[in-house]
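These numbers come from the heavy atoms of this one structure, side chains and all, not from hydrogens, waters or symmetry mates. In listed order, ligands and their atoms are each counted from 1. Source: prediction; values computed, not measured.
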Amino acid sequence: MSRHTQPCCKIGPSILCADLSCLAEECRKMIHSGADYLHLDVMDGHFVPNLTFGHPIVKCLRPKMPDVYFDMHMMVQNPEKWVESMADAGANQYTFHVEACEDIPALCRKIQESGMRVGVGLKPGTPVETILPYSDLFDVVLIMTVEPGFGGQSFMEDMMSKVQYLRTNFPHLDIEVDGGIGPNTIDIVAEAGANMIVSGTAITGASDPSQVIALLRNSVENAIQKSQLER
Ligand SMILES: O=C(CO)[C@@H](O)[C@H](O)COP(=O)(O)O
Ligand SMILES: [Fe+2]
């Protein structure tokens with residue numbers, strides 16, 4: 001994935017609610033079901049009231065799937081602390097939350113210098129204007145459509161104004177959405193202009209994940225095609 005090219009549809013399952021005792025198997029299942037990348041949720045028990053895993057797990061996972069794109073969703077305080085470890089573990093994208101960061105441009109540069117794509121995440125209460133001064137420094141904006149911390153929550157439709165604003169003003173930006181996205185909500189995020197779709201329970205809890213991934217992709221690709229025709 002290159003910086004600010006025409007965005008295409010990418011579906012990234014979150015494995016947060018999968019069976020983490022067989023993580024590699026669950027990840028492989030997602031890729032074999034048609035996923036474009038894996039969204040790995042890192043939680044530290046401080047930035048969010050939940051705990052998951054860190055770079056040692058990512059490092060173990062990497063050799064088992066050398067070509068898979070790992071999108072690290074860093075729901076942690078002091079996100080600058082883990083950049084080198086995550087790069088060393090084999091992460092491809094490092095998405096930090098601006099609410100947890102004191103120096104956004106410095107952290108963006110640090111991530112880029114370590115060879116990862118730069119993602120900036122916004123909690124539902126954080127206005128999109130917060131990141132506008134740094135638009136040259138990031139590759140992806142992650143719009144949270146739930147309060148970060150847990151899978152299986154309800155989608156917040158009022159976050160779509162942020163997605164619409166970004167798509168209008170940054171037509172070539174990768175816009176990622178995360179939280180409560182599945183067959184019932186995908187058309188709304190696709191219409192708004194998101195192109196990187198994180199979906200957790202809707203995919204990992206489905207009897208046929210490939211069917212759900214195909215449905216999500218279909219909705220986003222149709223919306224992209226429609227918007228191109230309208231230009
Ligand atoms: O970052 C988070 C939650 O904080 C997400 O990645 C969720 O894990 C997505 O799960 P669903 O809302 O799709 O079930
Ligand atoms: Fe996430």
So does V68 get a backbone contact from the side chain of R62, meaning a donor-acceptor N/O pair under 3.5 Å? yes
G152 to ligand 1, any heavy atom closer than 4.0 Å: yes
Check for a donor-acceptor pair, side chain of N195 on one end and backbone N or O of D174 on the other, with a separation under 3.5 Å. no
Give the atom numbers and elements of ligand 1 that come within less than 4.0 Å of a heavy atom of H73. 1 (O)
side-chain contact (heavy atoms from CB on, under 4.5 Å) evaluation trace for F53 with L40: CA-CA 9 Å; F53 52 81; L40 303 174; 4.1 Å; yes
Which residue and atom name correspond to the protein heavy atom nearest atom 13 (O) of ligand 1, and how close is it? G200 N, 2.8 Å
Got the closest protein heavy atom to atom 3 (C) of ligand 1, with its distance? F150 O, 3.4 Å
I'd like to check whether G180 has a polar contact with ligand 1, where a contact means an N/O of the residue lying under 3.5 Å from an N/O of the ligand. yes
Once rounded to 10 degrees, what value does the angle at the Fe ion (ligand 2) take between ND1 (H73) and OD1 (D41)? 90°
Does a sphere of radius 6.0 Å around CD in E25 hold more than 12 heavy atoms from other residues, nucleotides or ligands, not counting ones at 6.0 Å or beyond? no
Between V42, L40, L16, D178, flag the one that comes closest to atom 9 (C) of ligand 1 by a heavy atom. D178
Show which atoms of ligand 1 fall inside a sub-4.0 Å distance from at least one heavy-atom site of G151. 8 (O), 10 (O), 14 (O)
Of all heavy-atom pairs linking P127 and T130, the shortest is O-OG1, 2.6 Å
Does K110 come within less than 4.0 Å of E84, counting only side-chain N to carboxylate O? yes
Checking the N or O distance criterion of under 3.5 Å, is ligand 1 in contact with E147? no
With H97 as partner, the option from K123, Q77, H73 fulfilling side-chain hydrogen bond (donor to acceptor under 3.5 Å, both in side chains) is H73
Does ligand 1 come near enough to A202 that some N or O of the ligand is less than 3.5 Å from an N or O of the residue? no
Please check: side-chain N/O of T204 versus main-chain N/O of I15, any donor-acceptor pairing under 3.5 Å? no
For C108, which of I131, D103, D139, V118 qualifies under side-chain contact (heavy atoms from CB on, under 4.5 Å)? V118
List ligand 1 atoms under 4.0 Å from G179, heavy atoms only on the residue side. 12 (O)
Return the name of the atom in H39, of element N, O or S, nearest to the Fe ion (ligand 2). NE2
P148 heavy atoms within 4.0 Å reach ligand 1 at atoms 4 (O)
the protein heavy atom lying closest to atom 4 (O) of ligand 1 turns out to be G149 N, 2.7 Å
Crowding at CD, E102 (>12 non-hydrogen neighbours, <6.0 Å): no
The single option from K162, M160, Q153 that satisfies side-chain contact (heavy atoms from CB on, under 4.5 Å) with T145 is M160
Atoms of ligand 1 less than 4.0 Å from M43 heavy atoms? 4 (O)
Give the atom name of whichever N/O/S atom in D178 sits closest to the Fe ion (ligand 2). OD2
As an exercise, identify every atom of ligand 1 less than 4.0 angstrom from a heavy atom of T201. 11 (P), 13 (O), 14 (O)
Can you list the atoms of ligand 1 that are under 4.0 Å from a heavy atom of H39? 6 (O)
